[in-house]
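Here's the structure, in structure tokens; my notes come after.
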Amino acid sequence: MTFSKKLINWYSVNKRDLPWRETKNPYHIWLSEIILQQTQVNQGLPFYDAFITNFPSVFDLAAAEESEVLKLWQGLGYYSRARNLHASAKYVVNELDGVFPNTYKDLLKLKGVGDYTASAIASFCFNEVAPVVDGNVYRVLSRYYGIDTPINSSKGAKEFKALAQELIDVKNPSDYNQAIMEFGAIQCKPKSPECVVCPFQESCVAFNTNRIGELPVKIKSAKAKKKYFNFLVFIDDNGNTLLEKREGKGIWQNLYQFPLVESKSNLDADAFETELQAHDLVKGQAYKWSQYNKEPIVHKLSHQHLYTTFWVVNIKALKTEVIPVGRIRDYAVPILIGNFIESFNF
DNA sequence: AACCCGGGGCT
DNA sequence: AGCCCAGGGTT
């Protein structure tokens, strides 16, 4: 039996019941694939349900405000996915009369849809022979064929894509694509793969040469930089606080946060006092402050480790646009801020 | 080709 | 705290 036939058989027996497997609706599939980028099924599931409920059609999503989409995305991370999702929904509605693109080539024109996602939608919804190469596929193929080209190199990307193109079942591209990814997700796992009960054991190069733990090969990424964040949690005499929208290019674009003072290292009380006195929002006014967390909260992102301290600043009045503390949960915030809001007794 | 973009889980 | 996981976009 061919590799692809064997995979599809395995899939028919072992596949999980997942909501996006009950539909061929390209809008639903697109939504699920964007949510599942860099995200485990268990983490993405509740977000998929929430998006389907709040935006049943691409027209509903296109009609929403970006702030609403980001609020629903809160906690999932990689927020450019939400911004691109919303922009692409508007594109589909305004430029394509709400008709979803139905080829790999046209799907690629959507913001946030790259090679993997275009292949997934084209094959799942329209039976196009477009092989997917995601993290699972890299792992399965590198092990089964004993390929040690780094998967995150351009050479690796080409090599694995070409191999996937050869292997795909042209009669059933949808099931083949789903099968190889599902196999990587629940059988040929990164850690402790189930080789003992694997139907490919006999012909798997990595298993037979004892290299399961070494494959796939990946080029190490740079170490995360440390940053020191001080958030100013203002509370005025009328029960208002202050949030600012993050603009520009860095992390959390278009999300909200408490006014931020970045420092070179963790600030002690004296150093913070100096910073605060010089701050535009408090200059020349009476205030009282307290340090919310003694030890910095370490929030880890792929490329940054954020050593974070929340400073609660009581002040008579804020000379700028304020937010009643009761409204604070209306704003999309990074989970680091969200966790603080949930634990702080406003 | 190198770097940026979040968050969660496991040890 | 240190490690792993996982697509797309930008420079």
Side-chain angles (χ1 to χ4, degrees), chain A residues 30-47 70 72-88 104 107-121 130-140 142 149-158 160-161 164 177 180-182 184-186 188-193 212-227 229 246 248-255 257 295-308 332-340:
Chain A
W30 170 58
L31 203 45
S32 74
E33 290 301 338
I34 300 299
I35 287 171
L36 292 174
Q37 287 171 2
Q38 305 294 99
T39 303
Q40 309 275 10
V41 165
N42 283 340
Q43 194 193 354
L45 255 175
F47 288 85
L70 283 171
L72 211 55
W73 201 270
Q74 178 177 315
L76 197 51
Y78 286 123
Y79 296 93
S80 65
R81 291 184 292 171
R83 297 189 302 267
N84 288 335
L85 184 82
H86 184 230
S88 292
Y104 169 82
L107 285 159
L108 272 183
K109 294 174 186 164
L110 303 181
K111 279 188 188 172
V113 173
D115 181 78
Y116 163 76
T117 307
S119 302
I121 302 170
V132 292
V133 184
D134 75 339
N136 295 303
V137 176
Y138 279 124
R139 188 167 55 254
V140 172
S142 68
T149 313
I151 60 172
N152 53 347
S153 64
S154 51
K155 182 164 181 278
K158 281 183 203 146
F160 284 96
K161 179 82 177 179
N177 275 342
I180 191 167
M181 291 194 286
E182 188 76 341
I186 66 182
C188 193
K189 297 176 290 184
K191 302 276 177 193
S192 326
I212 285 288
E214 298 159 29
L215 295 171
V217 173
K218 208 174 192 178
I219 299 163
K220 290 257 190 295
S221 52
K223 234 178 59 181
K225 292 187 175 73
K226 290 184 179 180
K227 290 196 171 188
F229 278 11
R246 286 187 68 97
K249 310 217 280 184
I251 56 172
W252 303 330
Q253 191 184 121
N254 293 4
L255 273 69
Q257 66 182 11
E295 287 303 313
I297 296 164
V298 186
H299 187 70
K300 292 180 176 183
L301 290 59
S302 306
H303 288 75
Q304 299 177 34
H305 289 182
L306 309 178
Y307 290 74
T308 308
V333 297
I335 203 64
L336 172 64
I337 305 286
N339 289 342
F340 170 81

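A, B, ... follow the sequence lines: proteins, then strands. Residue 1 opens every chain. Below, all heavy atoms of this structure are taken into account, side chains as well, without hydrogens, waters or symmetry copies.
- Closest approach of A/A120 and A/E33 over heavy atoms only: CB-CD, 3.9 Å.
- Distances from the side chain of A/Y307 to the nucleotides C/dG9, C/dA1, B/dG7 place C/dA1 closest.
- Rounded to the nearest 0.5 Å, atoms CD1 (A/I251) and OG (A/S80) are 13.0 Å apart.
- When heavy atoms are screened at a 4.0 angstrom cut-off, A/N42 is found touching no nucleic acid atom at all.
- Residues that satisfy the side chain to side chain contact (heavy atoms under 4.5 Å, CB included) test with A/S119, not counting sequence neighbours, are A/Y104, A/D115, A/A130, A/V132, A/K161.
- With C/dC5, B/dC5, C/dG7 as the choices, the nucleotide that has an atom nearest any side-chain atom of A/Q304 turns out to be B/dC5.
- Using a 4.0 Å heavy-atom distance criterion, A/S302 is classed as a base contact.
- When heavy atoms are screened at a 4.0 angstrom cut-off, A/Q38 is found touching base atoms of the nucleic acid.
- Within the nucleic acid shown, A/S221 has no heavy atom closer than 4.0 Å to any nucleic acid atom.
- Side chain of A/Y116, nearest nucleotide from C/dC4, B/dC4, C/dG8: C/dG8.
- A donor atom on one side chain and an acceptor atom on the other are not found under 3.5 Å apart for A/Y116 and A/Q37.
- The side chain of A/H299 has B/dG7 as its nearest neighbour among B/dG7, C/dT11, C/dG7.
- For A/S302, the side chain to side chain contact (heavy atoms under 4.5 Å, CB included) partners at least two apart in sequence or on another chain are A/Y78.
- Nucleotides of DNA chain C nearest to A/N136 and A/V298 differ in position, and the one nearer the 5' end is that of A/V298.
- Counting only heavy atoms from C-beta on, A/K191 has its side chain closest to C/dC4 among B/dG8, C/dA1, C/dC4.
- In terms of position on DNA chain C, the residue among A/S80 and A/K223 whose nearest nucleotide sits closer to the 5' end is A/K223.
- Side chain of A/K225, nearest nucleotide from B/dG8, B/dC4, C/dC5: B/dC4.
- Closest to the side chain of A/I251, out of C/dG8, B/dC5, B/dG7, is B/dC5.
- Nearest-nucleotide mapping onto DNA chain B: of A/V333 and A/I219, the residue sitting toward the 5' end is A/I219.
- When the side-chain nitrogen and oxygen atoms of A/Y138 are compared with OP1 and OP2 of C/dC5, none of them lie within a distance under 4.0 Å.
- Here B/dC5 is the nucleotide among B/dG7, B/dC5, C/dC4 with the atom lying nearest to any side-chain atom of A/H303.
- A close approach under 4.0 Å does occur between a side-chain nitrogen or oxygen of A/W252 and OP1 or OP2 of B/dG7.
- Contact annotation for A/K218: base contact, defined as any heavy-atom pair under 4.0 Å involving a base atom.
- Atom CG of residue A/N254 and atom CG of residue A/L70 lie 6.5 Å apart, to the nearest 0.5 angstrom.
- One N or O donor and one acceptor, one from the side chain of A/K300 and one from the base of C/dG2, sit under 3.5 Å apart.
- Between C/dC5 and A/T39, no contact under 4.0 Å exists linking OP1 or OP2 to a side-chain N or O.
- Contact between the side-chain N/O atoms of A/Y79 and the OP1/OP2 oxygens of B/dC4 is not found at any separation under 4.0 Å.
- Within the nucleic acid shown, A/Y78 comes within 4.0 Å of at least one base atom, counting heavy atoms only.
- Among the atoms of the strands shown, none is found under 4.0 Å from any heavy atom of A/R83.
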